[in-house]
Structure formats: structure tokens, C-alpha cells
K.L.:
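Can you read through this structure? Questions will come right after.
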Amino acid sequence: MISSVRKSAVTAAVLFAPMLADSQAPLPLKHKPQPTTAAITAADAMTRLYIFADDSMLGRRAGEEGGLKGTAYIEREVRRLGLVPAGDNGTFFQAVPLVTPRVDASSPLAADTDALVMGTDYFPTGLIGIPRSIDGVQVIFAGNAADSTASLSPGQVAGKIALITGNAGAGRSRYPDAVAFMTVLDSAQMPRLRAFGLGGRTRMQTADDTLRSQLTLALVPSAVAKVLGVPLANARPGTLGRTMHGGIRSAFTPAPARNVVAIIQGSDPKLRGEFVALGAHNDHLGLRRAGALDHDSLKAYNEAAERIFVARTHQGTQFPGRGLTQEEIASIHINVDSLHRLRPARLDSIYNGADDDGSGSVALLEIAEKFALTNPRPKRSLVFVWHTGEELGLYGSQWFTDHPTISRDSIVAQLNMDMIGRGESADVPGGGPHYLELIGSRRLSTELGDIVEAVNKKEKQPFVFDYAFDANGHPENIYCRSDHYEYARYGIPITFFTTGGHSDYHQLTDEPQYIHYSHLASIASFVADVAKDVANLDHRVVVDKPKPDLHGQCRQ
Ligand SMILES: [Zn+2]
């Protein structure tokens with residue numbers, strides 16, 4: 001599941017620690033794989049997840065080696081099970097064109113003869129496309145672009161580099177003919193900007209990548225004085241500065257990423273042209289760039305922080321947030337040394353993503369295995385998509401639904417699983433072995449929501465559904481935070497199955513030994529039953545609700 005902008009992750013600090021948490025009987029760190037069977041079982045799920053969320057998968061980040069390794073495992077399995085490839089060119093893979101834009105920190109830049117160093121004096125921000133050249137272009141101080149009484153007219157800055165105070169966006173709209181912009185940056189913010197900017201944020205390739213656009217450089221005050229020739233305090237709108245030489249070198253590096261797409265043909269010749277889509281995401285967060293942390297300390301800290309968060313929620317604070325106060329941090333005990341007297345530190349830098357979304361990915365394999373190896377098959381066909389790039393911005397599901405390898409109109413419903421391996425009482429208030437959150441099941445089709453309920457009633461051990469997170473305007477905004485939404489925006493009815501958040505969410509500690517395999521397998525089994533009933537229906541599930549705006553912002 002992708003991070004919510006509203007929720008700041010609990011800061012992981014090795015300084016704060018223990019209180020060993022209660023949980024299920026501990027599972028081992030490694031597990032010897034056993035042959036899997038046609039049935040959906042906890043043992044199969046365990047074998048698969050200890051492979052898929054192993055350190056050797058490097059955190060399965062989209063655009064990196066780990067993402068290729070994770071998808072290679074899934075592809076091997078669906079090929080072995082005899083599914084029909086439905087990716088590009090007769091393969092199981094659908095390439096998703098991700099790129100990592102990067103700036104060259106050694107780009108040569110000077111104001112007249114005064115050299116400026118990227119990351120110390122300035123940093124490019126919001127780089128779009130190929131920047132217009134600034135070599136030989138003079139700087140002019142244009143004032144505050146948002147205030148027309150304190151700035152220049154658009155004509156006065158045409159062909160120049162506009163140094164502006166205030167908002168860069170206002171500059172862009174006021175001065176379309178400026179060659180580039182300079183803004184003033186508080187020196188204290190430079191390290192963060194540098195770390196963020198040089199990291200390179202992998203994203204979908206867009207048409208904008210080939211545009212020529214206006215560069216924006218954020219400058220610390222001493223560099224502002226260099227480009228103006230005088231300190232900013234001595235400048236007035238219209239003050240002419242120096243001429244820039246050199247420029248910013250940037251590049252878009254392709255970041256290989258792929259969906260895995262596989263079909264099980266339906267048994268009814270008249271209906272097999274229609275599909276029930278089942279999905280999960282194959283990617284996770286990769287390696288921790290800031291370095292390794294001690295696993296046990298991190299886990300103890302995050303569990304304590306989660307308990308505080310849950311307690312606050314129960315006290316009725318409407319949306320308390322996950323940041324901790326100084327007192328709360330102080331109340332989380334304390335002494336890493338005492339924990340480490342019990343066992344040595346285990347340094348960890350790999351985001352294994354066992355629950356997120358290793359759990360959904362192996363559940364999808366278990367469902368595929370069951371339908372591939374047992375008869376009769378459902379009347380409609382099933383299409384399984386393990387999406388890439390979910391964590392980076394739902395890119396794989398966006399690409400698959402924008403460029404489907406089967407007819408989009410032939411998809412009657414999509415069932416998405418993301419994080420289905422937890423949901424115990426220690427993880428979620430009201431959690432337990434039969435806990436399941438449902439999101440969006442009636443947002444496009446009342447009938448689909450009814451089918452999910454009806455199938456549950458027929459289960460040997462029905463789930464207790466939690467619809468709380470499906471409420472309109474819920475602050476967690478989960479309807480918009482996983483791959484199903486990319487289908488829903490095209491009017492395809494969806495149901496999202498999840499056991500929800502927990503203290504290991506997007507942490508180095510989301511590992512296979514903390515997964516509840518019988519819970520995971522029972523959810524996979526249930527989703528298979530829902531898929532079968534939807535696939536065997538004598539009509540397409542009826543869409544009776546308005547479709548969202550295809551290109552609009554998702555709203556829950
Ligand atoms: Zn996630």
C-alpha cells in the first residue's frame with residue numbers, strides 16, 4: 001500500500017527501545033521451502049512468502065534489480081503452473097516505462113567568473129523535461145512574482161533569468177518568457193533538498209520529459225549575492241545581475257519494471273471472453289538509503305509507538321496522527337543496552353515487504369495454482385496481474401489499465417489484495433483470525449458488494465468484515481491508496497481486501513516471521529470463492545453507481 005501524505009511515518013530511532021511485544025509463537029527467520037499443492041494452504045503461503053520476502057529479493061523495488069528478481073519468481077511459478085501468458089509479445093511480462101530523473105552534481109555553473117556548487121550554493125527544483133539553456137543569460141531581480149506592485153512586468157524579464165522572492169509557481173505563470181528562475185532558499189534547508197534531489201525519484205515516463213522547460217534554481221543567500229553582484233537587501237526590482245555560464249546536466253535513466261500478467265481460460269465458450277481480474281502488487285520499497293538499523297530495537301520502538309497511537313485513537317482524538325510527543329517518546333522505554341544484553345544487534349537495511357504486498361502476491365499465486373490444477377474451471381476467464389510500481393505511485397496498475405493487454409471492457413470486476421497477512425488483535429483494534437477490511441465493494445456496484453457478503457455467509461468460518469475504512473472522507477483514504485482504484489476510475493467494479501495497517505507498515509521489520517499464515521490462506525481462499533461466483537454469474541455484475549472522473553483526483 002502506498003504511503004498516505006496525511007500520515008507521517010513513525011520516526012525510527014535506535015535510541016529508543018524495548019518492551020518485547022506479545023504476539024504469536026515466534027516463527028523462524030528462515031524456512032525450508034516445501035513443494036506446494038493445488039489447495040490454498042497456510043503451508044504453501046509460508047513456503048512462497050519466505051522465498052518472495054527473503055533478503056535475496058532486495059526489497060523488490062520497482063526499477064531496480066530487486067523488482068526484477070521478485071517478478072522472475074512469480075513468472076517461474078505461473079509458467080510452471082501452465083497459465084496463459086498475457087503480457088507483452090506472448091510473454092508473462094508487461095514492461096512499465098519508469099524512469100529515474102537525475103541531476104549531475106558536478107554540473108559546471110558560474111556567475112561571471114564566480115563558480116557555484118550544486119548542493120552547497122544552489123539546487124535545481126521541480127525539474128521538468130529538458131531545461132532551456134542558461135549559458136550566457138543575464139540575471140535580473142524581479143521581486144515577488146505574486147505581488148504585481150512589487151515586481152516587474154512580464155516583458156522586462158523576457159530572455160533573462162528572473163530571480164524572484166516568494167513562490168516559484170507564481171513566477172512561472174507571471175513570466176512565461178523568462179529563460180529560467182532563481183528563488184531564495186534558507187541555507188538550513190539545503191541538506192534535505194540535496195539528499196532528496198540527488199536520490200532520484202523513480203516515476204512513470206511522461207510526454208513532459210521531452211519538453212523544453214524553464215529551470216528553477218533555489219539559491220542560498222550567499223549565492224544570491226554572487227548572481228546579483230550585490231546582497232539581496234540592496235537589490236530593487238529591475239536590478240540587473242551577472243551573466244550565468246555553464247548549465248545543469250540532467251538525465252533520465254530508464255528504470256526497468258514489469259507487471260506479471262497471466263490468464264486462466266474460462267470453461268464456457270460464450271463467457272470466456274470476459275474476465276474477472278485479480279491483483280496484488282509485486283514491488284516494495286527496496287533498500288534503506290540512510291543505512292541499516294537494529295531490527296529488534298526498531299520493532300520494539302514501533303510497537304510501543306503503535307500502542308500509543310491506538311490508545312490516542314480510542315480516547316477519541318479525531319485524527320491524532322502518528323508523530324510522538326517528547327513525553328510519549330520518554331515514556332517508551334528506553335534502554336537498548338538491556339535488550340542487547342539479551343541478544344546481539346541484528347542490523348537490517350532491506351525492506352522485505354512480507355505483508356506489503358508479499359502477502360497479496362503469494363495469495364494470488366495460491367489462487368492461480370488452485371484454479372490451474374482443479375476442475376471445473378469457472379465459466380469466465382480469470383486474469384491475474386501482479387502490478388509493479390505500486391509503492392512509487394500505482395504506476396503498474398495505471399499502465400495496465402491505460403494499456404491493457406486484454407480488452408478493458410471485457411474485465412467485469414477487479415479483486416485486489418494488498419496487505420492481508422496481519423490484522424490480529426495486536427495489529428488492529430477489533431482484529432483477530434477472522435478479521436477482514438473491505439474497501440469499495442459497493443462504490444460502483446451494489447451487486448458486487450452483495451456477492452462478497454453472500455459468499456462470506458457460505459464460508460465454513462465467515463469473516464467479520466470491517467467497513468469502517470470504507471467511509472466517505474475517512475482520513476486514511478485507503479480507497480485511493482492501492483491498485484484497485486486504477487480499475488475503478490474506468491468504471492470497473494472493485495473490491496479491496498486487506499487486514500490493514502500495523503506497526504511494521506513500511507518498516508524494515510515487515511518480515512515473514514510476523515505473518516499469520518492461516519489468516520492469509522483463509523483470505524486467499526475466500527477471494528478465490530468470490531472470483532469463482534463472479535465468474536460463474538449468468539450476467540456481468542451490474543454497475544449501478546456513477547463512475548469516477550477518469551483523469552480526476554481520487555476521492556474516497
Ligand atoms: Zn506499501
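Atoms within a ligand are numbered from 1 in the order they appear, just like the ligands themselves. The chain is numbered in sequence order, starting from 1.
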K.L.:
Taking both backbone and side-chain atoms into account, decide whether D357 has an N/O/S atom under 2.8 Å from the Zn ion (ligand 1).
P.N.:
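It does not: D357 brings no N, O or S atom closer than 2.8 Å to the Zn ion (ligand 1).
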K.L.:
Under 2.8 Å from the Zn ion (ligand 1), is there an N/O/S atom belonging to M1?
P.N.:
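Checking M1: at least one N, O or S atom is under 2.8 Å.
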K.L.:
Going through the distances and angles, do R203 and L392 end up as a side-chain contact (heavy atoms from CB on, under 4.5 Å)?
P.N.:
CA-CA 7 Å; R203 57 162 176 75; L392 300 175; over 6 Å; no
K.L.:
Looking only at heavy atoms, what is the nearest atom pair of D510 and N352, with distance?
P.N.:
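Distance-wise, the nearest heavy atoms are O-CB, 3.6 Å.
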K.L.:
Find out whether the Lys NZ or Arg CZ of R61 is both under 6.0 angstrom from the six-membered ring centre of Y351 and within 45° of the ring's axis.
P.N.:
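Geometry flag: not set, cation outside 6.0 Å or 45°.
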K.L.:
Would you name the N/O/S atom of D356 that lies closest to the Zn ion (ligand 1)?
P.N.:
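In D356, the heteroatom (N, O or S) nearest the Zn ion (ligand 1) is OD2.
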K.L.:
Determine the sole option in D355, D357, D504 for which the salt bridge (charged side-chain N to carboxylate O under 4.0 Å, His left out) test with R422 is passed.
P.N.:
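Only match with R422 under salt bridge (charged side-chain N to carboxylate O under 4.0 Å, His left out): D504.
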K.L.:
Measure from the Zn ion (ligand 1) to each N, O or S atom of H506 and report whether any distance is below 2.8 Å.
P.N.:
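So H506 counts as coordinating the Zn ion (ligand 1), yes.
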